[in-house]
Amino acid sequence: VQLQASGGGLVQAGGSLRLSCAASGRTFSVYTMAWFRQAPGKEREFVAAIDWRGRTYHADSVKGRFTISRDNANNTVDLQMNSLKPEDTAVYYCAANRGGVTVVRRAYENWGQGTQVTVSS
């Protein structure tokens with residue numbers, strides 16, 4: 001599956017953004033989809049994931065502020081980000097794996113190109 005992320009931009013602290021990831025391929029619905037992010041000088045970290053049944057898992061750092069969702073009919077996975085903080089600034093990547101929900105980066109076989117999110121204070 002090929003992935004294309006979009007929706008990043010510049011927003012003030014407290015604001016919202018919605019990221020979207022479009023996937024190609026007829027087997028999208030069987031994949032676990034996830035969002036990771038990477039800030040300058042830091043490791044890429046897990047943000048949220050959703051499995052084929054719609055079960056979700058969010059990192060503690062974003063729980064209550066971010067929500068992952070998917071639309072299997074349109075092959076998309078979104079990340080709604082509310083109450084954004086400057087520390088959310090990063091390049092956000094969508095990823096796919098054929099296994100279950102995991103926070104382990106190397107478990108994800110397919111990656112999108114990333115979209116920049118910048119939160120100003």
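No experiment lies behind these values; they were computed from the predicted model shown. What you see below is based on every heavy atom in this structure, not just the backbone, and it leaves out hydrogens, waters and symmetry mates.
Residue pairs meeting the disulfide (SG to SG under 2.5 Å) criterion with at least one partner in residues 66-121, sequence neighbours excluded, are C21-C94. Sequence neighbours left out, the pairs with a member in residues 75-87 that pass salt bridge (charged side-chain N to carboxylate O under 4.0 Å, His left out) are R18-D78. Applying the ring pair (Phe, Tyr, Trp, His ring centres under 6.0 Å) test to residues at least two apart or on different chains, the pairs with a partner in residues 47-73 are F46-Y57. For residues 27-85, no pair satisfies disulfide (SG to SG under 2.5 Å), with sequence neighbours left out.
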Distance-only donor-acceptor hits, side chain of residues 27-34, under 3.5 Å, sequence neighbours excluded:
| from | atom 1 | to | atom 2 | distance (Å) |
| --- | --- | --- | --- | --- |
| Y31 | OH | R98 | NH1 | 3.4 |
| T32 | OG1 | G99 | O | 2.7 |

Indicate every side-chain donor-acceptor pair of residues 100-108 with a distance under 3.5 Å to a residue at least two apart or in another chain.
| from | atom 1 | to | atom 2 | distance (Å) |
| --- | --- | --- | --- | --- |
| T102 | OG1 | V104 | N | 3.1 |
| Y108 | OH | T102 | O | 2.6 |

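The side-chain hydrogen bond (donor to acceptor under 3.5 Å, both in side chains) check on Q4 picks up nothing, with sequence neighbours excluded. Take W111 and apply the ring pair (Phe, Tyr, Trp, His ring centres under 6.0 Å) test, not counting sequence neighbours, and it matches F36. In this view, N110 satisfies the side-chain hydrogen bond (donor to acceptor under 3.5 Å, both in side chains) rule with no residue, not counting sequence neighbours. Applying the side chain to side chain contact (heavy atoms under 4.5 Å, CB included) test to A90 and every residue at least two apart in sequence or in another chain returns R37, A39, Y92. Contacts of S83 classified as side chain to side chain contact (heavy atoms under 4.5 Å, CB included), with partners at least two apart in sequence or in another chain: R65. For V91, the side chain to side chain contact (heavy atoms under 4.5 Å, CB included) partners two or more places apart in sequence, or in a different chain, are Y93, Q116.
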**Request:** Check step by step if side-chain contact (heavy atoms from CB on, under 4.5 Å) holds for M81 and V117.
**Result:** CA-CA 10 Å; M81 306 186 294; V117 171; 3.8 Å; yes
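Put simply, OG1 on T76 and CG on D71 are 4.5 Å apart, with the number rounded to the nearest 0.5 Å. With rounding to the nearest 0.5 angstrom, the CG atom of L79 is 11.0 Å from the OG1 atom of T115. Between the CD atom in Q80 and the CD1 atom in I68 there is a gap of 12.5 Å [rounded to 0.5 Å].
For the pair S69 and V77, the tightest heavy-atom approach, listed with the atom from each and the gap, is O-CG2, 3.1 Å. Considering every non-hydrogen atom in both L17 and G7, the closest pair reads CD2-O, 4.0 Å. For the pair K42 and Q38, the tightest heavy-atom approach, listed with the atom from each and the gap, is O-NE2, 3.1 Å. In plain terms, the two heavy atoms of A23 and V1 that are nearest each other are CB-CG2, 3.6 Å. Here the closest non-hydrogen pair linking L19 and G8 is CD2-N, 3.6 Å.
In this structure a side-chain-to-backbone donor-acceptor pair under 3.5 Å is present from R70 to D51.
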